[in-house]
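Take a look at the structure set out below.
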Protein chains: 2
Amino acid sequence: MTPSTSRSPNGSRGDLFDPQCPTRRLLDRIGTKWTSMAVKVLAEASPDEVRFAELQRRMAGVSQKMLSVTLQGLTRDGLVDRRVEATVPPRVYYSLTPLGLTLDEPLAALREWAEQHMAEIDRANRRSDKRTSG
Amino acid sequence: MTPSTSRSPNGSRGDLFDPQCPTRRLLDRIGTKWTSMAVKVLAEASPDEVRFAELQRRMAGVSQKMLSVTLQGLTRDGLVDRRVEATVPPRVYYSLTPLGLTLDEPLAALREWAEQHMAEIDRANRRSDKRTSG
DNA sequence: CAGGATCCTGTATGATACTG
DNA sequence: CAGTATCATACAGGATCCTG
């Protein structure tokens, strides 16, 4: 990140062209591989339901490390709540905070767009492929 | 996300996380550094207005190479239209396709969320920092 | 069970130089 | 003007082993 070394000379409102702009930073977050999937899974679960291993099961393909890193990032951002039951062995429950729940709304819009239009994007890609290879 | 499809295009490698998931692929796209910014700039411009150099000016910090790569990706996906005027020197105009315009809607929702809630995320981060360093 | 520590790799990004 | 080609690099992501 941090494309430029100096601050934007104009405006400096939360503008997309400012390296510090909120949208840039939000996209950096949800653009990481597992973040949006975690948000979705947590949004669809009840707060007392999902522990670490269960989350890993529901997020097919995620490694232990990346699940940990993802959840730490979300927790740091105040989007996810981490609740530890001090038992042996320990149980750690993850859930969305109210803030995290509000993030799921625009993400859901994005998911919906993806499901509705990805086939069209695939067609466009195939057209481009034909042009290139043919 | 959409764990339904279990088809493997290559016939093997069953442990790959669903490569067909539309949301995953969409996020891979808009998660790249300059894509969403390009979409926003193009969404706010008129089709006959924006050429390569102008686009680079409006997207502060983008390199020639990455702007080219970004636009090629968007064009391949059918989200951006590339129109060449065969003059000397050439003029190349970029604009969103109708499909690209529809993508700007959920992206705008994301931008709005970012502007409304990024300050709260910053506060959450500072709280975590205090806990860690203190 | 729920992670932390380490090592390694692919790839997105960037700087620079060149071209039709 | 609108790109390509080449080289270099930082970092996200993953595999594996270790621990309270």
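A, B, ... follow the sequence lines: proteins, then strands. Residue 1 opens every chain.
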Return whichever of P90(A) or V92(B) has its heavy-atom-nearest nucleotide of DNA chain D closer to the 5' end. V92(B)
Ranking L71(B) and G31(A) by the position along DNA chain D of their nearest nucleotide, the one closer to 5' is L71(B)
Over how many whole Å does the gap from W34(A) atom CH2 to dG3(C) atom C1' extend? 18 Å
Counting only heavy atoms and a strict 4.0 angstrom limit, can you tell me which residues of residues 47-56 of chain B come near DNA chain D? R51(B), F52(B), A53(B)
Is E115(B) salt-bridged to R111(B), cutoff N-O under 4.0 Å? no
Rounding to a whole Å, what distance do you find between Y94(A):OH and dC1(C):P? 15 Å
When rounded to whole Å, the OH to P distance for the pair Y93(B) and dC1(D) reads 12 Å
What are the two closest non-hydrogen atoms of L27(A) and I30(B), and how far apart are they? CD2-O, 4.1 Å
L27(B) has an atom CG; how far is it from atom C1' of dG13(D), in whole Å? 16 Å
Need one value for T32(A): base, sugar-phosphate or nothing, where a base atom within 4.0 Å counts as base even if backbone is also close, heavy atoms only. sugar-phosphate
Which pairs count as ring pair (Phe, Tyr, Trp, His ring centres under 6.0 Å) when at least one residue sits in residues 103-125 of chain B, sequence neighbours excluded? W113(B)-H117(B)
Side-chain donor-acceptor pair present, Q72(B), S68(B), cut-off under 3.5 Å: yes
Using a cut-off of strictly less than 4.0 Å, decide whether R82(B) has a side-chain nitrogen or oxygen near OP1 or OP2 of dG3(D). yes
Taking atom types as modelled, is there a side-chain donor on R51(A) or Y93(A) under 3.5 Å from an acceptor on the other? no
Check K33(B) with D28(A), please: is the shortest side-chain N to carboxylate O separation under 4.0 Å? no
For G31(B) and R24(A) the tightest heavy-atom approach is O-NH2, 4.1 Å
Just how far, in rounded Å, is P of dA12(C) from CD of Q72(B)? 13 Å
Rounded distance (Å) that lies between atom P of dC7(C) and atom CD of Q64(A): 19 Å
Salt bridge or not for D122(A) and R127(A), using N-O below 4.0 Å? no
Interatomic distance where CE belongs to M66(A) and P belongs to dG4(C) [whole Å]: 13 Å
Net bend of the helix from dC1(C)-dG20(D) to dG20(C)-dC1(D), end axes of five pairs each, nearest 10 degrees: 50°
Kindly say if K33(A) contacts the phosphate of dG14(D), meaning a side-chain N or O under 4.0 Å from OP1 or OP2. yes
For K40(B), is there an ion pair with E44(B) - N to carboxylate O distance below 4.0 angstrom? yes
